[in-house]
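By convention in this document, chain letters (A, B, ...) are assigned in the order of the sequence lines, proteins followed by strands, and residues within each chain are numbered from 1. Quick caveat, the model's predicted, so the values are computed rather than measured. No hydrogens, no waters, no symmetry mates; every other heavy atom, side chains included, goes into these values.
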2 protein chains.
Amino acid sequence: MGRKRTIDRDGILDAAEELTREQGAAHLSLDAVARRAGISKGGLMYNFPSKDALIAAITERDLGRFESLLAEKAERIGEKPYATLLARIEATEEESPETLAKGACLTATLAQTPEHLGPIQKAYGDEMLRYAPETDGGRRARLAMIAVEGAFLLRGLGLMELSEDEWRLIFADIRALVPDA
Amino acid sequence: MGRKRTIDRDGILDAAEELTREQGAAHLSLDAVARRAGISKGGLMYNFPSKDALIAAITERDLGRFESLLAEKAERIGEKPYATLLARIEATEEESPETLAKGACLTATLAQTPEHLGPIQKAYGDEMLRYAPETDGGRRARLAMIAVEGAFLLRGLGLMELSEDEWRLIFADIRALVPDA
DNA sequence: GTCTATATCAAGATAGAC
DNA sequence: GTCTATCTTGATATAGAC
């Protein structure tokens with residue numbers, strides 16, 4: 001015990017995310033993060049000078065990852081006008097329960113500390129801006145956005161307990177909202 | 001200072017709800033609740049022996065109120081098969097931003113403490129059970145449920161910032177999902 | 001750069017006066 | 001039943017050794 005090791009920042013973020021999912025962000029402590037990550041508290045504090053910094057780092061990493069995932073999926077879907085939206089639906093449906101829960105817990109956490117809301121508001125806002133509410137297609141796309149993010153939160157937070165099959169039907173119906181889908 | 005007064009349990013719950021909305025539930029302290037309610041901490045603890053008990057009481061009161069509101073609205077809507085669902089959409093759209101935020105913050109808080117999830121899971125589950133996923137109408141109703149609760153959370157938590165007019169369009173489109181609406 | 005040890009503080013909960 | 005005062009804990013953050 002007490003041996004030094006090179007600290008892996010991504011490993012810390014993974015540990016923090018897992019704990020958030022397991023116990024809820026309210027009970028997340030830096031002590032527990034350090035323990036789970038297998039490092040000392042001092043080492044943790046050196047890499048992330050405060051809990052807020054840690055949470056901001058998780059947000060930044062996850063939003064970035066999700067955007068990459070969307071871009072990749074959208075590219076594979078092709079030139080359809082609502083490719084990104086279809087990619088979002090696909091990504092949300094395919095996500096493992098654990099990943100979904102981690103993302104939803106993080107989102108709920110951010111929502112409780114207004115100073116952290118910025119990045120996620122921007123992500124949602126940018127996407128909604130693509131869909132003009134004056135057009136029929138835009139309205140259907142916005143409705144699909146609300147529905148898919150609703151499914152994300154309701155399922156990820158464990159508020160609505162449905163079977164895999166039931167969720168599958170819901171995602172199919174969300175997809176059917178998208179114009180030209 | 002120091003004069004005794006009769007403690008109003010509903011007043012305490014109001015104070016706690018307001019603080020939750022203003023600062024996020026993560027920063028809710030019993031000290032602040034007592035201060036806001038204009039009573040002593042001891043008096044607070046006498047009425048609600050723990051913070052968990054306080055949160056549970058808020059949940060119970062709010063779920064009860066909302067169910068009453070739904071029942072009342074559904075009755076006024078009449079014998080339509082999806083009257084309760086329409087009532088939910090109407091209630092969610094009409095809710096003031098403050099009330100919406102209080103409800104959504106509470107929901108997010110419950111989601112972070114698994115032991116508090118029960119009542120809300122039951123409320124959602126009971127409603128979803130009414131809509132058989134084997135029927136076309138049932139599927140549309142379930143989709144509308146996901147969408148309206150998505151709107152509730154996204155708007156109430158401040159995750160998605162849209163104008164009043166933009167939300168109005170979205171609620172109109174959610175309503176259009178309901179069979180025979 | 002990572003560790004151990006400790007300072008500091010906020011917050012939930014308790015004890016006992018009135 | 002409500003109050004004031006205090007206890008106790010757990011968590012953030014800091015200091016300094018290695």
Side-chain angles (χ1 to χ4, degrees), chain A residues 1-59 105-106 108-110 112-116, chain B residues 1-61 105-106 108-110 112-116:
Chain A
M1 196 71 108
R3 282 291 308 287
K4 292 186 181 181
R5 44 161 294 174
T6 302
I7 287 187
D8 165 27
R9 283 173 62 98
D10 260 311
I12 296 176
L13 298 181
D14 289 338
E17 265 189 334
E18 287 168 23
L19 287 167
T20 300
R21 176 180 60 82
E22 290 170 18
Q23 327 172 341
H27 304 116
L28 180 72
S29 75
L30 298 181
D31 241 316
V33 172
R35 220 177 308 125
R36 173 71 61 100
I39 60 169
S40 69
K41 210 163 158 186
L44 170 60
M45 299 302 286
Y46 177 82
N47 282 272
F48 300 97
S50 74
K51 190 176 181 176
D52 273 1
L54 177 63
I55 291 177
I58 297 176
T59 308
C105 280
L106 175 64
T109 303
L110 300 182
Q112 301 199 345
T113 38
E115 61 269 29
H116 284 149
Chain B
M1 194 72 103
R3 281 291 308 286
K4 292 185 181 183
R5 45 161 295 175
T6 302
I7 287 187
D8 166 27
R9 283 173 61 98
D10 260 313
I12 295 175
L13 298 182
D14 289 339
E17 264 190 334
E18 285 167 24
L19 287 167
T20 300
R21 176 179 62 82
E22 289 171 18
Q23 328 173 340
H27 304 116
L28 180 71
S29 75
L30 297 181
D31 244 314
V33 172
R35 221 177 307 127
R36 173 71 62 100
I39 60 169
S40 69
K41 207 165 159 184
L44 170 61
M45 299 301 286
Y46 177 82
N47 283 272
F48 301 97
S50 73
K51 189 177 182 178
D52 274 1
L54 177 64
I55 291 177
I58 298 175
T59 308
E60 189 180 4
R61 186 184 71 162
C105 279
L106 175 64
T109 303
L110 300 182
Q112 300 199 347
T113 39
E115 60 269 30
H116 284 149

Euclidean distance, atom [atom1] of residue [X] to atom [atom2] of [N] [Å, nearest integer]:
| X | N | atom1 | atom2 | value |
| --- | --- | --- | --- | --- |
| B:Lys41 | C:dG16 | NZ | P | 18 Å |
| B:Ile12 | D:dC3 | CD1 | C1' | 13 Å |
| B:Asp8 | D:dG1 | CG | C1' | 14 Å |
| A:Phe48 | D:dT14 | CZ | C1' | 19 Å |
| A:Ile7 | C:dT2 | CD1 | P | 4 Å |
| B:Leu44 | C:dG12 | CG | P | 9 Å |
| B:Met45 | D:dT2 | CE | P | 15 Å |
| B:Leu30 | C:dT14 | CG | P | 12 Å |

- [ ] Tell me, with the steps shown, if A:Lys51 and A:Leu30 meet side chain to side chain contact (heavy atoms under 4.5 Å, CB included).
- [x] CA-CA 7 Å; A:Lys51 190 176 181 176; A:Leu30 298 181; 4.1 Å; yes
TODO: Output the single nucleotide from D:dA13, C:dG12, D:dC3 whose closest atom is nearest the side chain of A:Ser50.
DONE: D:dA13
- [ ] Choose from C:dA13, D:dT2, D:dA13 the nucleotide whose nearest atom is closest to any side-chain atom of B:Lys51.
- [x] C:dA13
Open item on the list: Check B:Asp14 with B:Arg61, please: is the shortest side-chain N to carboxylate O separation under 4.0 Å?
Closed with: yes
Open item on the list: Less than 4.0 angstrom from a charged side-chain N to a carboxylate O is my criterion; do B:Glu17 and B:Arg36 meet it?
Closed with: no
TODO: Using a 4.0 Å heavy-atom cut-off across all strands, classify A:Leu54 as base, sugar-phosphate, or nothing.
DONE: nothing
- [ ] Give one of base, sugar-phosphate or nothing for B:Ser29, where a contact means two heavy atoms less than 4.0 Å apart.
- [x] sugar-phosphate
- [ ] To the nearest 0.5 Å, tell me how far A:Ile58 CD1 sits from A:Leu106 CG.
- [x] 6.5 Å
Open item on the list: Taking 4.0 Å as the cut-off, does a side-chain nitrogen or oxygen of A:Tyr46 come that near to OP1 or OP2 on C:dT2?
Closed with: no
